[in-house]
Amino acid sequence: MNFSKEILVWYAQNKRDLPWRNTTNPYNIWLSEIMLQQTRVAQGTPYYLSFVENFPTVHDLANANEEQILKLWQGLGYYSRARNLHTTAKIIANQYKGKFPNSYKELLKLKGIGDYTASAIASISFNIPEPVVDGNVYRVLSRFFGIDIPINSTEGINYFKTLAHEVMDSANIRDYNQGIMEFGAIQCSPRNPDCEKCPLSSACVALKNNQVNDLPVKIKKTTVKKRYFNYLVIKDREDKIILEQRLGKGIWQNMYQFPLIESDKDFKLKDTEVQKKLEKFSNDAISFEMYLYNSEKIIHKLSHQHLFTSFWIIDFNGKLNDGIEVSEIVKYPVPVLIADFIKTFNF
DNA sequence: AATCCGGGGTC
DNA sequence: GACCCAGGATT
């Protein structure tokens with residue numbers, strides 16, 4: 001059995017019609033690849049269509065504000081991708097005169113483009129024989145060849161990249177790369193793969209040794225940190241609201257939120273803390289009433305953190321210095337936790 | 001080499 | 001609740 005030929009045959013018969021599959025334009029390929037990093041096709045697709053419509057070329061993206069880009073990215077997560085996207089768009093537009101570099105090595109230098117994405121753009125856009133290694137490829141190769149080296153160890157990363165080089169079809173790299181990923185997504189799925197209908201089953205080491213459910217091997221380390229958020233939804237006597245931008249490090253960089261009082265353990269919010277916060281936003285005498293919006297804490301789950309969140313509604317009897325109109329709130333990029341609140345709260 | 005960075009789908 | 005998703009940057 002020829003592994004790569006079987007992948008190509010399977011792909012020709014089973015490939016989905018996806019919006020970025022009818023072009024080799026590096027701008028479109030780049031956009032789709034960044035959006036699909038750690039993201040399912042179904043989740044990323046509407047964002048891809050929105051970006052292509054709002055930013056048809058790399059110049060449009062380069063000329064946009066980061067805030068516009070983050071707003072359109074809202075809900076997709078891993079927001080550094082959007083910021084890096086903007087950085088790279090500006091470099092392509094200015095330093096590269098709008099033309100993407102056509103080599104794996106040059107692509108790798110760009111912000112947000114790592115080994116996988118450089119390989120994907122080089123192969124799909126420029127037909128360069130460089131194998132992609134994503135989560136799908138790890139799964140397909142580890143099962144078919146029966147490799148139990150952890151895929152997220154240094155040894156595993158190097159091993160699978162070398163193996164990918166050995167088995168790729170250089171003459172059909174565009175279809176081979178997309179084919180092995182599609183095969184991993186649809187046929188050789190993480191759980192309950194349909195091995196009975198698999199064209200590779202007769203030579204699959206994992207199937208022969210009954211290891212399909214044990215491969216690939218991954219070193220797991222999930223320590224979830226708990227954080228306690230108290231958001232202050234401050235409304236002044238002119239019905240204006242405060243939104244703040246998250247600067248510095250950590251989650252949701254450059255996204256907006258309500259003023260936040262945080263702790264690493266559960267605690268009761270004190271009036272005096274609210275008072276101190278309010279003093280930052282107004283020169284007026286501080287007089288307010290507050291109530292808790294959600295009696296049960298909203299638990300917002302991220303990969304490494306669980307955010308136990310309370311929203312406090314503050315009626316401030318004064319005028320905020322930098323308050324915004326309620327109708328303007330929807331224009332700001334906000335994390336899903338905030339967007340969900342805005343959707344349900346009647347301002 | 002380990003850790004951080006989102007949100008959603010699936011079982 | 002655990003795992004995964006067309007990973008990359010930072011420490």
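Each chain gets a letter, A, B and so on, in the order its sequence line appears, and its residues count up from 1.
- Checking the phosphate oxygens (OP1, OP2) of dT11(C), a side-chain nitrogen or oxygen of K249(A) falls inside 4.0 Å.
- Contacts with DNA chain C (heavy atom under 4.0 Å) in residues 113-150 of chain A: I113(A), G114(A), D115(A), Y116(A), T117(A), D134(A), G135(A), N136(A), R139(A), listed by number.
- Computed from coordinates, the Q43(A) CD to dA6(C) P distance equals 11 Å when rounded to whole Å.
- Comparing G77(A) and I219(A) by the nucleotide of DNA chain B that holds the closest heavy atom to each, the one mapping nearer the 5' end is I219(A).
- Remark: side-chain polar atoms of Q68(A) are paired, donor with acceptor, to backbone N or O of N65(A) under 3.5 angstrom.
- Note on K301(A): every side-chain N or O is 4.0 Å or more away from OP1 and OP2 of dG7(B).
- The nucleotide whose nearest atom lies closest to any side-chain atom of V336(A) is, among dG6(B), dG7(B), dC11(B), dG7(B).
- Counting distance only, with no hydrogens placed and no angle test, the side-chain atoms of R21(A) and the base atoms of dA6(C) include a donor-acceptor pair under 3.5 Å.
- Here L18(A) lies in heavy-atom contact (under 4.0 Å) with a base.
- Mapped onto DNA chain C by nearest heavy atom, E182(A) and L108(A) fall at different nucleotides, with E182(A) at the one closer to the 5' end.
- The NZ atom of K218(A) sits 8 Å away from the C1' atom of dC3(C) (whole-angstrom rounding).
- Going from the C1' atom of dG8(C) to that of dG9(B) covers 23 Å, rounded to whole Å.
- Using modelled atom types, one finds a donor on one side chain and an acceptor on the other under 3.5 Å when comparing T57(A) with D60(A).
- Taking all atoms of both residues into account, the shortest heavy-atom contact from I29(A) to I124(A) is CD1-CG2, 3.7 Å.
- Applying the 4.0 Å criterion to OP1 and OP2 of dC5(B), one finds that Q305(A) has a side-chain N or O inside that range.
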Stepwise side-chain hydrogen bond (donor to acceptor under 3.5 Å, both in side chains) test for D169(A) and N172(A): CA-CA 6 Å; D169(A) 187 332; N172(A) 301 284; 3.2 Å; yes
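- Residue F183(A) contributes atom CZ, which lies 16 Å from atom C1' of dA6(C) at whole-angstrom precision.
- Both H300(A) and N192(A) lie close to DNA chain B; mapped to their nearest nucleotides by heavy-atom distance, the more 5′-ward contact belongs to H300(A).
- Counting any heavy atom pair closer than 4.0 Å across all strands shown, W20(A) reaches a base atom.
- The distance between the ring centers of F316(A) and F281(A) does not fall below 6.0 angstrom.
- Under a 4.0 Å N-O distance rule, the pair K276(A)/E273(A) does not qualify as a salt bridge.
- A distance of about 24 Å separates the P atoms of dA6(C) and dC4(B), rounded to the whole Å.
- Aromatic ring centroids of F311(A) and F345(A) lie 6.0 Å or more apart.
- We find that CG of L302(A) is positioned 10 Å from P of dG8(B), with the value rounded to whole Å.
- In this model, no side-chain donor or acceptor of R81(A) finds a partner on the base of dC5(B) within 3.5 Å.
- Here W252(A) reaches the OP1 or OP2 of dG7(B): one of its side-chain N or O atoms lies under 4.0 Å away.
- For dC5(B), neither phosphate oxygen OP1 nor OP2 lies less than 4.0 angstrom from any side-chain nitrogen or oxygen of H304(A).
- Distance, L85(A) CG to dA9(C) C1': 15 Å, rounded to whole Å.
- Here G184(A) lies out of heavy-atom contact (under 4.0 Å) with every strand.
- Distance from the side chain of Y79(A) is smallest for dG6(B) among the nucleotides dG6(B), dA6(C), dC3(C).
- Atoms CG (N152(A)) and P (dC4(B)) sit 15 Å apart, rounded to a whole Å.
- A salt bridge links K161(A) to E130(A): one of the charged nitrogens lies within less than 4.0 Å of a carboxylate oxygen.
- Closest contact between the side chain of R191(A) and the listed nucleotides dC3(C), dA9(C), dG6(B) involves dC3(C).
- At a cut-off of 3.5 angstrom, counting only N and O atoms as typed in the model, there is a donor on one side and an acceptor on the other between the side-chain of T39(A) and the base of dG6(B).
- What separates CG of D340(A) from C1' of dG6(B) is a distance of 13 Å, to the nearest Å.
- Across all their heavy atoms, G98(A) and V58(A) have their closest contact at O-CG1, 4.1 Å.
- Residue G75(A) is classed as a sugar-phosphate contact, given heavy-atom separations below 4.0 Å to backbone atoms only.
- Comparing R40(A) and Y78(A) along DNA chain C, the residue whose closest nucleotide (by nearest heavy atom) sits nearer the 5' end is R40(A).
- Nucleotide dC5(B) holds its P atom 8 Å from the NZ atom of K225(A), rounded to whole Å.
- With dA6(C), dG8(C), dC11(B) as the choices, the nucleotide that has an atom nearest any side-chain atom of Q37(A) turns out to be dG8(C).
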